[in-house]
Amino acid sequence: MFALVDAVSFYASAEKVFDPALRTKPVVVLTNNDGCICAVCPIARKLNIPKFQPYFKMKDYLAKHNVVIRSSNYELYADLSENMMNVISRYCDNQYVYSIDESFLQFTGFKSLINDWHEYGHKIRRAVWRETKLPVGVGFGTTPTLAKAANHAAKKLTGYNGVAIIDTEASRIEILAKMKVTDVWGIGSRLGKKLKLMNINTAFDLANCNARDMGRLFSVLVERTISELNGIQCLSWDEIKQAKKEIFSTRSFGKRIENRDSLASALTTHCTIVARKLRRQGSLTKRIVIFAASSPHEDHYYKKSFIYDFPVATSDTCVLAHAVSIVLPNLFKSGVRFYRCGVGAIELESAEFKQTDMFNISEDKPQLMACFDQINRRFGQDTLKLASEKSTVPWQMKRHFLSPHFTSRWQDIPKIRC
DNA sequence: TCTGGGGTCCTAGGACCC
DNA sequence: TCTGGGGTCCTAGGACCC
């Protein structure tokens, strides 16, 4: 049995944790740079506010309905996520954190203790609410994809009230028949359109297709999804947990930049993020891509990327940053109003089995990096940085509606009056 | 005044090699 | 009469997720 536990519109719920006055109000949260709406709380959902619409297009509508707007406060969300995951981890013997607000659970050693999955799901919900004030949905299923489907039912379909279980043929059919095909994990809007032409509308319709045929028609992913919907497990626990094959850091700028130094400092910052993620995963990269672009919404779209190969795989921030300085003269073009840039590690290998070079030309300083990570983990991500990142950041994100840093800044810690 | 997220993986097609 | 393989690497673009 698998479970998927995730928060109800996590970012919006997170905003309500330390600001209880918001709990009865419609709240939406915007992406970086206040670009799009990325989280809509259940109250706001009733106003038919769509996700991933540009904010400026919805601005008037939100104002008209007195919707509370917040910029993404990732420092806060990361802390609340950690608290939430810790509580959940007590209820299983194997947890995989799949995204900031979702985790898959396995109960191998717990089975004898659980005689009622329904009651157990509610137990998890109550504990998370009691300890973190975050509402979660719990879905149980015999495959990861069915657990995802049950989770969808728990939160979106009427009558489930936060917990749903797919463990029998009847419960499987009941839930899948009520789900749109595009609500299935792995089926997006594009595939949804094509499936509709084939008269496949619900998750149950899809489950009844021949997996092999559909695999040939679309992709292996679709084939696996169909099998999983039929209770045939294709994604093993290890596969779910598999190390990432690519690691990217990209961002658009708060305002356009046109000078070379700013672009250099932004790219260096992306290097530090990518290198940090690599080290956390225990990976090294042999190859990175460095890119910069103007806005695709403007005329004269400029986009350029360079591949940089390292002689020896690395996860050293300084080595990655050096690659930026080499590539930059070819990437930067004066007159271009840069809108976005990024760095991606695209050929990863395990740090455990590092291939060294006969002449030992590696410039990695693993101990320095370990120290670097330790200090930044303890005192905040910006405590130590490369000089080339610069301290003044003209390209910083727009976050006009930011809530206080309740958990990560002394002066923002909530005060309780007795 | 101007404004449009961020991350990961897969596939198809071309180029090249033996 | 018609016919010619199989593997790897690279890249761009598509698709999905939250």
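Each chain gets a letter, A, B and so on, in the order its sequence line appears, and its residues count up from 1. Just so we're clear, the structure is a prediction, and the values are computed from it rather than from any experiment.
Looking at heavy-atom distances under 4.0 Å, A/I247 makes contact with sugar-phosphate atoms alone, never a base. Note on A/S295: nothing from the nucleic acid sits closer than 4.0 angstrom, heavy atoms only. At a threshold of 4.0 angstrom between heavy atoms, the contacts of A/Y77 with the nucleic acid are absent. A/S189 comes within contact range of the sugar-phosphate backbone alone, with a heavy-atom separation under 4.0 Å but no base atom that close. Residue contacts shown for A/F10 are absent, as no nucleic acid heavy atom lies under 4.0 Å away.
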CA sep, side-chain torsions, deciding dist, call: A/S171, A/T168, side chain to side chain donor-acceptor pair (under 3.5 Å)
CA-CA 5 Å; A/S171 56; A/T168 60; 2.9 Å; yes
Test ring-ring contact (aromatic ring centres under 6.0 Å, His included) on A/F104 and A/Y96 and set out the steps.
CA-CA 5 Å; A/F104 281 99; A/Y96 173 64; 7.2 Å; no
Could you go through the ring-ring contact (aromatic ring centres under 6.0 Å, His included) check for A/F248 and A/F291 one step at a time?
CA-CA 11 Å; A/F248 273 76; A/F291 77 91; 7.1 Å; no
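Where DNA chain B pairs in unbroken runs of 3 or more (Watson-Crick or G-U, both distances under 3.5 Å), the stems are B:5-18 with C:5-18.
Distance check: A/M58 CE to A/K64 NZ gives 10.5 Å after rounding to the nearest 0.5 Å.
Between A/H65 and A/Y61, the ring planes are tilted. Angles from 30° to 60° get that label. Taking the six-membered ring for Trp and thresholds of 30 and 60 degrees, A/F140 and A/Y120 have ring planes inclined between 30 and 60 degrees apart.
Comparing A/T250 and A/D34 against DNA chain B, the residue whose closest nucleotide sits nearer the 5' end is A/D34. Of the residues near DNA chain B, A/R337 and A/K277, the one whose nearest nucleotide (by heavy atom distance) lies more toward the 5' end is A/R337.
Donor-acceptor pairing under 3.5 Å is recorded for the side chains of A/S99 and A/D101.
Here the separation of B/dC18 from C/dG4, taken at their P atoms, is 23 Å to the nearest Å.
Annotation: proximity of residues 94-104 of chain A to DNA chain C (heavy atom, distance under 4.0 Å) is found for A/Y98, A/S99, A/D101, A/E102, numbered in ascending order. At a non-hydrogen distance threshold of 4.0 Å, A/K194 from residues 192-230 of chain A come into contact with DNA chain C.
Within 6.0 Å of CZ on A/R90 lie more than 12 heavy atoms contributed by other residues, nucleotides or ligands.
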Name every donor-acceptor pair, under 3.5 Å, that has one atom in a side chain of residues 132-139 of chain A and the other anywhere in the protein, sequence neighbours excluded.
| unit_1 | atom_1 | unit_2 | atom_2 | d |
| --- | --- | --- | --- | --- |
| A/T132 | OG1 | A/V128 | O | 2.6 |
| A/T132 | OG1 | A/L134 | N | 3.3 |
| A/K133 | NZ | A/W129 | O | 3.4 |

Indicate every side-chain donor-acceptor pair of residues 294-307 of chain A with a distance under 3.5 Å to a residue at least two apart or in another chain.
| unit_1 | atom_1 | unit_2 | atom_2 | d |
| --- | --- | --- | --- | --- |
| A/S294 | OG | A/Y302 | N | 2.8 |
| A/S295 | OG | A/H297 | N | 3.0 |
| A/E298 | OE2 | A/R256 | NE | 3.2 |
| A/E298 | OE2 | A/R256 | NH2 | 2.9 |
| A/E298 | OE2 | A/R337 | NH1 | 3.0 |
| A/Y302 | OH | A/L331 | O | 2.7 |

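When ring centroids are compared, A/Y98 and A/W185 come within the 6.0 Å threshold.
Considering all non-hydrogen atoms of both residues, A/E228 and A/L146 come closest at O-CG, 3.5 Å.
Taking 4.0 Å as the cutoff to heavy atoms of chain A, we find the contact window on DNA chain B bounded by B/dT3 to B/dT11.
A salt bridge links A/R399 with A/E75: the closest approach of a Lys/Arg side-chain nitrogen to an acidic carboxylate oxygen falls below 4.0 angstrom.
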